[in-house]
Amino acid sequence: MMQCKKALSEADNDYEKAAEWLRKNGTAKTASKLAGRDAREGMVGIAFSQDGASLVRVASETDFASRSSDFTKLVEVVANGALVSDDIEDLLQVTSVDGKTVKDNLDDAILAIRENLQITNADKIVASSPDSVLSGYIHGRVFNDSAAGTSAAIVELINEKSSLSKDEIQEIGKKLAMHIVAAKPSYQTPEDVPSDVVGKEKQLLLDQMADSGKPADIIDKIVTGRLRKFYEGVCLTEQAHMLEDGNPKVLDSLQKLGLRLSTFKSDHIQ
């Protein structure tokens with residue numbers, strides 16, 4: 001009651017302004033109490049525009065909260081906002097379809113859910129070519145029609161010499177995104193693996209072979225072969241495609257179809 005009287009006083013007895021004052025100040029008070037509490041659960045979400053795709057992560061304190069309709073709707077608002085922003089600070093100021101900013105939607109969700117909610121990641125892919133086709137996949141949806149889940153991936157394929165339709169290429173991209181969600185590659189190609197990571201792995205393999213008694217040239221060949229296996233584990237293009245018949249290497253599968261992988265992004269709630 002006291003808060004209502006204060007709101008009316010602050011708004012010169014304008015009921016609409018008083019309601020807005022209550023919403024803003026109530027959110028600020030709630031947010032200040034919740035700030036600093038661990039937020040390790042949450043959901044990831046994706047969104048698409050004519051020439052872009054976004055992938056975001058919104059964190060919550062509990063799995064229960066992340067599975068509410070209020071939370072999944074927030075993830076969708078954030079994902080759509082990420083399509084037209086360059087960083088999280090910029091994203092918060094984007095106006096969504098309901099006329100509110102992303103920050104307003106975040107504040108409203110904090111007030112409704114009463115947990116520390118945070119936008120912890122916002123990535124996007126902007127089509128790099130007129131021949132680009134963007135696709136994505138979400139795993140672990142709470143609601144069938146939701147664009148939020150526990151894991152997601154987005155990919156950009158380039159039609160280099162394929163006769164396939166855009167819809168067919170999007171389906172191929174979706175299958176690749178499903179593979180990414182399952183296989184969790186860290187890099188796109190062997191060339192993308194940092195030299196220090198490769199060096200550490202190579203040294204580990206050499207140490208394992210130190211007491212083998214094998215000649216240096218044989219050890220070198222064995223290490224080269226095992227490094228190839230390492231790349232197959234962490235590099236998308238070198239992995240066996242889980243969703244294609246015969247499980248061909250991802251690179252070979254796409255080349256056979258006249259397609260090239262431009263880039264991908266993925267995220268997972270652990």
Side-chain angles (χ1 to χ4, degrees), residues 39 42-60 66 71-106 109 117-141 145-160 166-167 169-189 192 235-237 250 254 259-270:
M43 287 278 172
V44 295
I46 62 176
F48 293 89
S49 64
Q50 188 171 356
D51 60 354
S54 66
L55 171 63
V56 302
R57 176 197 284 239
V58 183
S60 63
S66 70
F71 189 86
T72 54
K73 287 175 183 176
L74 171 64
V75 175
E76 291 173 354
V77 167
V78 173
N80 279 292
L83 290 169
V84 294
S85 59
D86 295 320
D87 54 44
I88 292 178
E89 185 176 348
D90 183 31
L91 167 60
L92 289 170
Q93 305 309 315
V94 172
T95 301
S96 56
V97 292
D98 61 4
K100 299 178 183 177
T101 65
V102 171
K103 186 180 186 308
D104 287 339
N105 278 278
L106 175 62
L117 309 181
Q118 301 174 6
I119 301 171
T120 56
N121 190 47
D123 279 324
K124 67 177 178 179
I125 297 174
V126 178
S128 60
S129 161
D131 299 315
S132 294
V133 178
L134 299 163
S135 300
Y137 171 71
I138 304 170
H139 178 75
R141 298 174 195 251
D145 59 347
S146 172
T150 55
S151 302
I154 53 176
V155 302
E156 179 188 18
L157 297 179
I158 307 295
N159 184 349
E160 294 196 316
K166 183 176 180 180
D167 287 345
I169 296 174
Q170 281 182 327
E171 186 60 28
I172 291 167
K174 180 181 178 181
K175 282 186 177 181
L176 182 57
M178 292 171 75
H179 165 90
I180 293 167
V181 165
K184 298 181 175 65
S186 301
Y187 309 98
Q188 184 166 321
T189 70
D192 295 323
C235 300
L236 176 56
T237 57
V250 167
L254 294 176
L259 303 173
R260 175 173 60 86
L261 173 64
S262 174
T263 190
F264 80 95
K265 296 183 183 296
S266 62
D267 202 356
H268 315 266
I269 300 296
Q270 301 299 327

*Heavy atoms only: give me the nearest Asn159-Leu259 pair and the separation to one decimal.*
CA-CD2, 3.9 Å

*asked:* Assess the residue pair Asp87 and Asp90 against the criterion (side-chain contact (heavy atoms from CB on, under 4.5 Å)); give the C-alpha distance rounded to whole Å, side-chain angles, the decisive distance to 0.1 Å, and a yes or no.
replied: CA-CA 5 Å; Asp87 54 44; Asp90 183 31; 3.1 Å; yes

*Which distance, rounded to the nearest 0.5 Å, do you find between the CD of Glu76 and the CZ of Phe71?*
11.5 Å

*When rounded to the nearest 0.5 angstrom, what distance separates NZ in Lys265 from CG in Asn121?*
9.0 Å

*Under 3.5 Å, side chain of Arg57 to main-chain N/O of His268, donor-acceptor pair present?*
yes

*Between CD1 of Ile154 and CZ of Phe264, what distance do you get to the nearest 0.5 Å?*
10.5 Å

_I'd like to know if the side chain of Thr72 and the backbone of Ala148 have a donor-acceptor N/O pair within less than 3.5 Å._
no

*For Ser262 and Ile158, work out which heavy atoms get closest and say how close.*
CB-CG1, 3.8 Å

*Residue pair Val78 / Leu91, side-chain heavy-atom distance below 4.5 Å*: yes

*Could you note down all residue pairs passing salt bridge (Lys or Arg N to Asp or Glu O under 4.0 Å) where residues 170-189 supplies at least one of them, sequence neighbours left out?*
none

_So, taking the atom named CE in Met43 and the one named CD1 in Ile138, what distance separates them when rounded to the nearest 0.5 Å?_
10.5 Å

_Any Ser151 side-chain heavy atom under 4.5 Å of Val181 side chain_ = yes

*asked:* Main chain of Lys100, side chain of Ser96: is a donor-acceptor contact present, judged purely on distance under 3.5 Å?
replied: yes

*Please examine the side chains of Leu157 and Asp131, heavy atoms only from C-beta on, and report whether any two atoms are closer than 4.5 Å.*
no

*asked:* To the nearest 0.5 Å, what is the distance between CG on Asp51 and CD1 on Ile125?
replied: 12.0 Å

*Between the side chain of Ser266 and the main-chain N/O of Ala153, is any donor-acceptor distance below 3.5 Å?*
no

_Val77 backbone acceptor or donor facing Asn80 side chain under 3.5 Å_ = no

*Give the intermediate values and the outcome of side-chain contact (heavy atoms from CB on, under 4.5 Å) for residues Gln118 and Leu106.*
CA-CA 8 Å; Gln118 301 174 6; Leu106 175 62; over 6 Å; no

*asked:* Rounded to the nearest 0.5 Å, what separates atom CD in Gln50 from atom CG in Leu83?
replied: 12.0 Å

*Taking all atoms of both residues into account, what is the closest heavy-atom pair of Ala122 and Ala82, and its distance?*
CB-CB, 4.4 Å

*Heavy-atom check, side chain of Lys124 versus side chain of Asp86, under 4.5 Å*: yes

*Give the intermediate values and the outcome of side-chain contact (heavy atoms from CB on, under 4.5 Å) for residues Thr120 and Val58.*
CA-CA 6 Å; Thr120 56; Val58 183; over 6 Å; no

*Which heavy-atom pair separates Val94 from Ser85 by the least distance, and what is that distance?*
CG2-CB, 4.0 Å

*Leu92 and Ile119: side-chain contact (heavy atoms from CB on, under 4.5 Å), yes or no, with the steps?*
CA-CA 9 Å; Leu92 289 170; Ile119 301 171; 3.8 Å; yes

*Mind checking what makes side-chain hydrogen bond (donor to acceptor under 3.5 Å, both in side chains) contact with Thr263, not counting sequence neighbours?*
none

*Shortest non-hydrogen contact between Ala53 and Leu134, atoms and distance*: N-CD1, 4.0 Å

*Which pair of heavy atoms, one from Thr150 and one from Val44, lies closest together, and at what distance?*
C-CG2, 3.9 Å

_Run Glu156 and Ser132 through side-chain hydrogen bond (donor to acceptor under 3.5 Å, both in side chains) and show every step you take._
CA-CA 6 Å; Glu156 179 188 18; Ser132 294; 2.5 Å; yes

